[in-house]
Number of protein chains: 2
Amino acid sequence: MPNKPPTTPRKLPRQDRSRITVEAIIEATTHILVEEGYDKANTNRIAERAGISIGSLYQYFPNKESLVTALMEQHAQEMVELVGMKLERLFDSPLEIVIPEIITAIIAAHAINPRLHQVLSEEIPYSERSPKMQQANERISILIRAYLERWRDYIHPQNIDLTVFILSRTVDSLCHAAVIEQPHLVSDSQFEQEVSNLLLAYLIKNPAI
Amino acid sequence: MPNKPPTTPRKLPRQDRSRITVEAIIEATTHILVEEGYDKANTNRIAERAGISIGSLYQYFPNKESLVTALMEQHAQEMVELVGMKLERLFDSPLEIVIPEIITAIIAAHAINPRLHQVLSEEIPYSERSPKMQQANERISILIRAYLERWRDYIHPQNIDLTVFILSRTVDSLCHAAVIEQPHLVSDSQFEQEVSNLLLAYLIKNPAI
DNA sequence: TGGCAACACGAGTATTTGCTCATATTATAG
DNA sequence: CTATAATATGAGCAAATACTCGTGTTGCCA
């Protein structure tokens with residue numbers, strides 16, 4: 001089988017100097033991706049934008065793919081921490097509290113740099129999704145699952161795995177689409193309210209919307 | 001402003017000979033896209049696969065982009081016709097009938113060539129989405145809107161535009177994700193049932209799931 | 001202060017690839 | 001049968017671009 005090239009850093013930065021370089025590379029990658037899109041982004045321009053040489057870039061990233069992977073893993077990690085924090089703090093709060101809170105948080109996260117999220121989720125070839133990202137999604141599923149188990153008695157659907165899938169997919173795609181296609185919805189709390197209604201009406205046994 | 005290169009055919013096929021050629025190019029594009037993904041697909045290989053010369057390809061398609069655009073427009077058109085047919089035939093049927101029917105149909109459409117849909121929706125740069133596709137989405141929204149207006153008295157949410165947005169996005173993303181990530185769900189009617197429940201619980205005033 | 005490791009440099013290479021154009025072949029109309 | 005339009009060909013160009021490598025510079029520690 002054709003063993004894929006690695007996406008982990010070739011060399012770890014040890015001095016402050018190089019840590020700044022790596023930071024600059026990440027920042028530049030973000031910027032170029034946002035401005036030009038994935039297929040117009042090239043490593044020479046990223047290095048130029050970062051104010052470093054192309055050689056330095058390849059000291060820390062073995063290939064172009066690893067640059068994008070780093071960004072995606074960073075975003076995935078942020079999402080895990082976000083949902084983790086919310087669900088930990090609100091583990092004993094009912095759905096009516098938790099659902100709107102999470103929706104608001106996810107919209108806020110997507111709204112920080114909408115175009116970056118768009119590029120990462122819509123233009124990156126499937127082959128570049130790393131194991132770390134799958135693990136991140138896995139972790140989120142586990143968190144949601146645990147919460148749903150906790151409140152099982154108040155929830156209508158019975159197949160918890162299926163429910164987790166539907167929940168996570170629905171929230172993510174609606175928040176994403178809203179930020180990208182209907183940015184005016186984001187500042188409007190009616191949208192968050194409506195997505196909450198969608199999920200609560202589905203989940204709660206005796207809804208009183 | 002930088003006037004973009006056209007995506008419409010450079011020359012229209014007039015004889016049967018060339019119509020076959022164009023068909024072969026479309027088929028080959030699909031095949032290469034499915035097998036290799038977007039960024040590994042190149043026009044020389046597409047021509048080779050189609051059994052024609054690279055020169056012939058460029059007689060009918062002005063650039064690589066137009067090949068992909070043709071496929072995407074074809075798919076968008078199919079979706080419009082699908083939803084249009086269903087909603088026309090079932091215009092006077094209640095939500096409990098229409099929602100499951102549409103979900104089943106969309107899943108079936110996505111399941112014909114899942115990998116192609118994945119590539120088209122996840123790997124194609126945003127810049128290549130053509131006006132025709134936006135028009136197609138527009139048409140679907142109008143159809144759904146008309147149906148919702150027809151049954152307005154039985155529907156709970158009041159902001160119809162917002163409801164159309166939420167409905168179309170939710171159905172599309174769930175069907176897509178199911179076919180790609182959880183193919184075992186597709187043969188299982190429980191998934192369709194559950195997505196129907198999600199939407200019906202949200203829409204219907206006095207749900208009795 | 002000398003020596004080693006970490007870091008930075010960037011011209012150049014090797015490859016890929018979108019696309020052209022001059023030419024050849026085939027169909028059709030008069 | 002002939003003229004003209006339609007169609008097909010593919011070698012090769014021009015540009016883009018991922019990545020290397022030999023060399024120079026800076027920081028750290030004994």
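A note on names: the letters A, B, ... follow the listed sequences, proteins ahead of strands, and every chain is numbered from 1.
Here the options are B/I144, B/I140, B/L143, the test is side chain to side chain contact (heavy atoms under 4.5 Å, CB included), and the partner is B/V164; only B/I144 passes.
Nearest heavy-atom pair, B/V22 versus B/P13, reported as atom, atom and distance to 0.1 Å: CG2-CG, 3.9 Å.
For A/T21, no side-chain nitrogen or oxygen approaches OP1 or OP2 of C/dC7 to under 4.0 Å. Between A/Y60 and C/dA8 there is a side-chain N or O to OP1 or OP2 distance below 4.0 Å. At D/dT7, one or more side-chain N or O atoms of B/S18 fall inside 4.0 Å of OP1 or OP2 (strictly under the cut-off).
Remark: B/I52, B/S53, B/I54 in residues 39-54 of chain B come within less than 4.0 Å of DNA chain D through at least one heavy atom.
Atom CZ in B/R17 sits roughly 7 Å away from atom C1' in D/dA8 (whole-Å rounding). Atoms CZ (B/F61) and P (C/dT17) sit 20 Å apart, rounded to a whole Å. Between the CD atom of A/E36 and the C1' atom of D/dA16 there is a distance of 14 Å, rounded to whole Å. The nearest whole Å value for the distance from the CD1 atom in A/I25 to the P atom in D/dA18 is 14 Å. We find that CD of A/Q15 is positioned 5 Å from C1' of D/dG27, with the value rounded to whole Å. Here D/dA6 presents its P atom at 6 Å from CZ of B/R14, a figure rounded to the nearest Å. Atom pair A/Y38:OH and D/dA16:P shows a separation of 19 Å (rounding to whole Å applied). C/dA8 atom P lies 11 Å from atom CG of A/L57, rounded to whole Å.
B/T43 OG1 to B/I54 CD1: the interatomic distance, rounded to the nearest 0.5 Å, is 4.0 Å. The CD1 atom of B/I103 sits 12.0 Å away from the CG atom of B/D172 when rounded to the nearest 0.5 Å. Here the straight-line distance linking atom CD1 of B/I102 with atom CG of B/L87 works out to 4.0 Å at 0.5 Å rounding. Atom SG of residue B/C175 and atom NE2 of residue B/H117 lie 11.5 Å apart, to the nearest 0.5 angstrom. We find the CZ-OG distance between A/R150 and A/S93 to be 9.0 Å, quoted to the nearest 0.5 Å.
Across the interface with DNA chain D, nearest-nucleotide mapping of B/D16 and B/G55 shows B/D16 to be the residue nearer the 5′ end.
Rounded to 10 degrees, the angle separating the terminal axes of the helix from C/dT1-D/dA30 to C/dG30-D/dC1 is 10°, with each axis obtained from five end pairs.
For residues 95-108 of chain B, every residue pair satisfying the side-chain hydrogen bond (donor to acceptor under 3.5 Å, both in side chains) rule, not counting sequence neighbours, is listed here: B/K86-B/E101, B/T104-B/E192.
A/V98 is not listed as a side-chain neighbour of A/W151, based on a closest heavy-atom distance of 4.5 Å or more.
One donor-acceptor pair, N or O on each side, does fall under 3.5 Å between the base of D/dA8 and the side chain of B/Q59.
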